Undergrad: 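Quick one: the structure is below, and I'll ask about it shortly.
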Amino acid sequence: MKLPTVALVGRPNVGKSTLFNKIIGKKISIIEDLPGVTRDRIYQEASYNRKRFYLIDTGGIDATKMDFNSEIKMQAEIAIKEADIVVFIVDGKEGLTTNDLFVRDILRKSDKKIIVAINKIDVKEAQNNLYDFYELGFDTYIPISSIHNTGFVELMDTITMNFKEKEEEEDNRIHFCIIGRPNVGKSSLMNALLKEDRVVVSNIAGTTRDSVDSILKYNNEEFVMIDTAGMRKKGKVFESIEKYSLFRSLKAIDRSDICLVVINAEEGIKEHDKHITGYAIERGKGLIFVVNKWDTVKDTTIQEFEKQMRSEFQFATYAPIVFLSALTKKRIHTLMPEIIKVKENIKKEIKTSILNEIIQDAYQLNIPPSYKGKRLKIYFSSQTGIKPPKFTFRVNNKGLVHFSYERYLENKIRENFDFEGTPIILQFKNRSSDD
């Protein structure tokens with residue numbers, strides 16, 4: 001079941017981010033220090049009354065900027081195109097502005113449902129300006145205060161009116177997506193796996209505009225394969241536009257169990273390849289590197305290129321690397337066995353007794369140093385999740401866990417169990433609490 005998408009649109013400083021955080025129920029903050037981990041989340045999965053949907057927080061649209069030209073217009077149009085419903089947020093305190101009219105003109109060209117949220121209604125001036133906004137010409141107007149929750153229930157009821165309640169559907173098929181920079185051969189790879197031209201292939205970067213799902217049968221097992229639009233590097237001119245082009249690829253990653261990160265062997269490893277990999281790791285997905293167009297490389301061996309890959313992607317040394325040519329289908333047969341292996345590893349469960357034995361041996365082999373007279377003690381460990389595998393450690397004081405010791409424990413787990421292709425999560429809890 002694909003979730004509906006809601007976009008928050010409006011000029012700067014009308015309260016979009018405040019409303020965004022209110023709807024998802026928390027302030028978005030990123031603490032992971034990984035390449036490509038987003039510092040400015042533009043979307044999040046949200047739910048209201050058991051109805052789930054994606055929420056996009058767009059940048060402020062300002063027609064008064066000298067250099068807005070087509071960039072701002074494209075930014076809004078991409079966000080609107082992705083959305084099923086657009087919430088047009090205006091500032092009741094300041095009243096109707098020319099910027100609001102500019103945004104209105106963009107929205108009128110869409111056939112999407114538009115809800116006008118008149119924010120800051122708790123301010124006296126907003127009461128006087130309220131009816132001026134009807135000049136915008138839309139059907140639905142809801143006065144709100146993002147800070148004081150005024151009108152929030154009415155707004156959310158209106159947004160989700162026709163959304164279906166999420167029913168838990170049992171789908172045991174593994175979903176994997178093909179991600180990477182534009183023009184690295186993602187669509188060609190998909191066609192090679194399907195053995196048919198299911199996706200339009202072009203040498204023009206960015207030809208694939210939407211995610212496409214296909215059913216792939218291999219060894220009498222069904223897989224759901226998700227192709228995505230190219231994740232283009234953010235540049236000065238297209239920085240804000242590309243955030244919204246990236247959105248559909250992030251949705252595909254969220255819907256997947258395994259991500260195939262495609263690298264163009266002809267161009268070599270680019271910095272943005274690391275960013276893309278970071279998105280997949282941040283979301284805890286299985287990971288396989290696919291070095292495509294290997295037939296074009298003449299002066300480098302697989303061993304040499306793999307060594308370079310391991311050096312550049314030190315934060316993902318657990319991911320297998322496959323070398324192939326989607327166009328000629330050379331070595332294409334090596335990919336599915338790796339997907340099968342990672343499929344098993346992301347769901348792998350370790351017996352508690354065996355895990356505790358391994359962890360206690362690791363602890364005795366390398367007892368952590370004391371800090372201010374206190375030393376970390378590990379009482380008990382168990383696996384508490386899959387996809388990706390998650391391990392919980394009961395300790396005397398989780399504040400004593402140094403990141404280097406956490407990495408040491410992860411390495412010991414990987415040495416003893418095959419978790420190739422999957423990140424693993426380590427969680428530490430004090431024995432005396434349930435946090």
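Everything numeric here is computed off the predicted structure, so don't read it as measured data. As a basis for the values below, the full set of heavy atoms in this structure was taken, side chains included, without hydrogen atoms, waters or symmetry mates.
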Undergrad: Roughly how far, to the nearest 0.5 Å, is CD1 of Ile276 from CD1 of Ile281?
TA: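 Output value for this atom pair is 12.0 Å.
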Undergrad: Please tell me whether Asn119 and Lys16 have a donor and an acceptor in their side chains that are separated by less than 3.5 angstrom.
TA: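 The answer is no; no qualifying pair exists.
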Undergrad: Does a donor on one side chain and an acceptor on the other come within less than 3.5 Å for Thr150 and His148?
TA: no
Undergrad: Run the side-chain contact (heavy atoms from CB on, under 4.5 Å) test on Leu376 and Asn397 for me, step by step, so that the C-alpha distance in whole Å, both residues' side-chain angles and the decisive distance to 0.1 Å come before the verdict.
TA: CA-CA 6 Å; Leu376 174 70; Asn397 185 345; 5.9 Å; no
Undergrad: Would you compute the distance between atom CD1 of Ile174 and atom CE of Met225 and round it to the nearest 0.5 angstrom?
TA: 14.5 Å
Undergrad: About how many Å separate CG of Asn292 and CG of Leu324, when rounded to the nearest 0.5 Å?
TA: 5.5 Å
Undergrad: With a cut-off of 3.5 Å and sequence neighbours excluded, list every side-chain donor-acceptor pair involving residues 259-268.
TA:
residue, atom, partner, partner atom, Å
Asn264, OD1, Glu266, N, 2.9
Asn264, OD1, Glu267, N, 3.4
Glu267, OE1, Arg181, NH1, 3.0
Glu267, OE1, Arg181, NH2, 3.0

Undergrad: Are Tyr134 and Tyr141 close enough that their ring centers fall under 6.0 Å?
TA: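 Centroid separation for Tyr134 and Tyr141: below 6.0 Å.
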Undergrad: Is the closest side-chain donor-acceptor distance between Thr392 and Thr384 under 3.5 Å?
TA: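 Their side chains do contain a donor-acceptor pair, which is all the 3.5 Å distance test asks for.
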Undergrad: Throw together a table of side-chain donor-acceptor distances under 3.5 angstrom for residues 84-97, partners on residues two or more places apart or in other chains.
TA:
residue, atom, partner, partner atom, Å
Asp84, OD2, Thr5, N, 2.7
Asp91, OD1, Lys93, N, 2.8
Asp91, OD1, Glu94, N, 3.2
Asp91, OD2, Lys120, NZ, 2.8
Glu94, OE1, Arg11, NH2, 3.4
Thr97, OG1, Arg11, NE, 3.2
Thr97, OG1, Asn99, N, 3.4
Thr97, OG1, Asp100, N, 3.2
Thr97, OG1, Asp100, OD2, 3.2

Undergrad: Charged N to carboxylate O under 4.0 angstrom, Glu410 versus Arg414?
TA: yes
Undergrad: Tell me, which pairs form a side-chain hydrogen bond (donor to acceptor under 3.5 Å, both in side chains) where one or both residues lie in residues 318-328, sequence neighbours left out?
TA: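 For residues 318-328, and leaving out neighbouring residues, the side-chain hydrogen bond (donor to acceptor under 3.5 Å, both in side chains) pairs sorted by first residue read Asp295-Ser325, Ser325-Thr328.
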Undergrad: Would you call Glu338 and Lys341 a salt bridge, taking side-chain N to carboxylate O under 4.0 Å as the test?
TA: yes
